[in-house]
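Predicted model only: the values in this text are computed from it and were never measured. Throughout, numbering of the chain's residues begins at 1 and tracks the sequence.
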Amino acid sequence: KVCPQNLNVMGYVLKANNGEFQATVDWSFDCINCGLCAMKCPADIAPNLIARYVRRQYTRLSLKPSRRLRKRIEEIREGRYENEWKEVLAHLG
């Protein structure tokens with residue numbers, strides 16, 4: 001009941017525990033990872049981290065990689081954005 005997003009935290013933890021990963025993703029989608037649920041959890045677990053892990057793994061294993069993402073990664077590896085990166089770093093130092 002401490003969730004600022006009004007999520008059913010116990011519900012999505014039970015979904016994750018039962019292997020219902022799509023439901024866990026759906027139920028925890030609006031989680032902002034504030035950690036309030038972890039501080040108040042009577043079972044001494046971190047529900048926000050469970051949600052984050054399930055969402056990451058579900059996405060990694062279930063969704064096809066974007067063609068645009070693959071293209072952008074290739075451009076980065078080829079050094080296409082080196083000048084822009086150097087400019088960003090120059091402003092930090």
Side-chain angles (χ1 to χ4, degrees):
K1 295 184 179 185
V2 298
C3 179
Q5 296 298 97
N6 238 3
L7 298 179
N8 182 349
V9 176
M10 290 179 67
Y12 76 67
V13 169
L14 287 172
K15 295 287 185 190
N17 192 51
N18 291 333
E20 299 175 51
F21 301 124
Q22 176 65 59
T24 306
V25 170
D26 294 341
W27 286 34
S28 69
F29 185 80
D30 291 326
C31 176
I32 58 173
N33 279 292
C34 65
L36 290 174
C37 57
M39 289 189 279
K40 292 291 186 177
C41 182
D44 202 26
I45 61 172
N48 59 315
L49 299 182
I50 292 170
R52 185 186 320 169
Y53 177 78
V54 170
R55 288 194 311 262
R56 284 181 179 175
Q57 292 305 311
Y58 182 82
T59 302
R60 186 175 74 82
L61 298 172
S62 299
L63 301 179
K64 294 179 182 176
S66 162
R67 284 183 287 141
R68 292 187 311 193
L69 176 60
R70 283 194 305 251
K71 183 176 186 266
R72 184 58 45 100
I73 290 170
E74 188 176 310
E75 290 172 347
I76 291 168
R77 286 184 178 147
E78 291 171 351
R80 178 172 177 189
Y81 302 101
E82 283 300 313
N83 291 335
E84 290 86 348
W85 182 241
K86 288 176 184 175
E87 188 174 328
V88 168
L89 292 177
H91 284 90
L92 296 176

Legend entry - Hydrophobic cluster identity match, Leu61 and Phe21, side-chain contacts under 4.5 Å: no

Inset, instruction - To the nearest 0.5 Å, tell me how far Leu69 CG sits from Lys64 NZ. - result: 15.5 Å

Inset, instruction - Give a yes or no on this: more than 12 heavy atoms of other residues, nucleotides or ligands lie within 6.0 Å of atom OH of Tyr81. - result: yes

Legend entry - From CG (Asn8) to NZ (Lys1), nearest 0.5 Å: 11.0 Å

Inset, instruction - Classify the side-chain pair Gln22/Asp26 by whether it contains a donor and acceptor separated by less than 3.5 Å. - result: yes

Inset, instruction - Step through the shown structure and confirm whether more than 12 heavy atoms of other residues, nucleotides or ligands are within 6.0 Å of CZ on Arg77. - result: no

Legend entry - Among Lys15, Glu20, Arg55, the one residue meeting side-chain contact (heavy atoms from CB on, under 4.5 Å) with Val25: Arg55

Legend entry - Glu87 atom CD, neighbour heavy-atom count above 12 within 6.0 Å: no

Legend entry - Side-chain touch Ser28/Val54, heavy atoms, less than 4.5 angstrom: no

Legend entry - Ionic contact status for Arg72 with Glu75, cut-off 4.0 Å: yes

Inset, instruction - Supply the atom-to-atom distance Arg52 CZ to Arg56 CZ, rounded to the nearest 0.5 angstrom. - result: 5.5 Å

Legend entry - Heavy-atom side-chain proximity of Trp85 to Leu89 below 4.5 angstrom: yes

Inset, instruction - Of all the heavy-atom pairs spanning Cys3 and Val9, show the shortest one and how long it is. - result: CB-CG2, 4.1 Å

Inset, instruction - Drop me the distance from Asn17's CG to Met10's CE, to the nearest 0.5 angstrom. - result: 11.5 Å

Inset, instruction - State the SG-CD1 distance between Cys37 and Ile50, to the nearest 0.5 angstrom. - result: 8.5 Å

Inset, instruction - Evaluate the side-chain proximity of Trp27 to Leu7: yes if any heavy-atom separation is below 4.5 Å, no if none is. - result: no

Legend entry - For the student: nearest non-hydrogen atoms of Asn48 and Cys31, plus distance: CB-SG, 4.1 Å

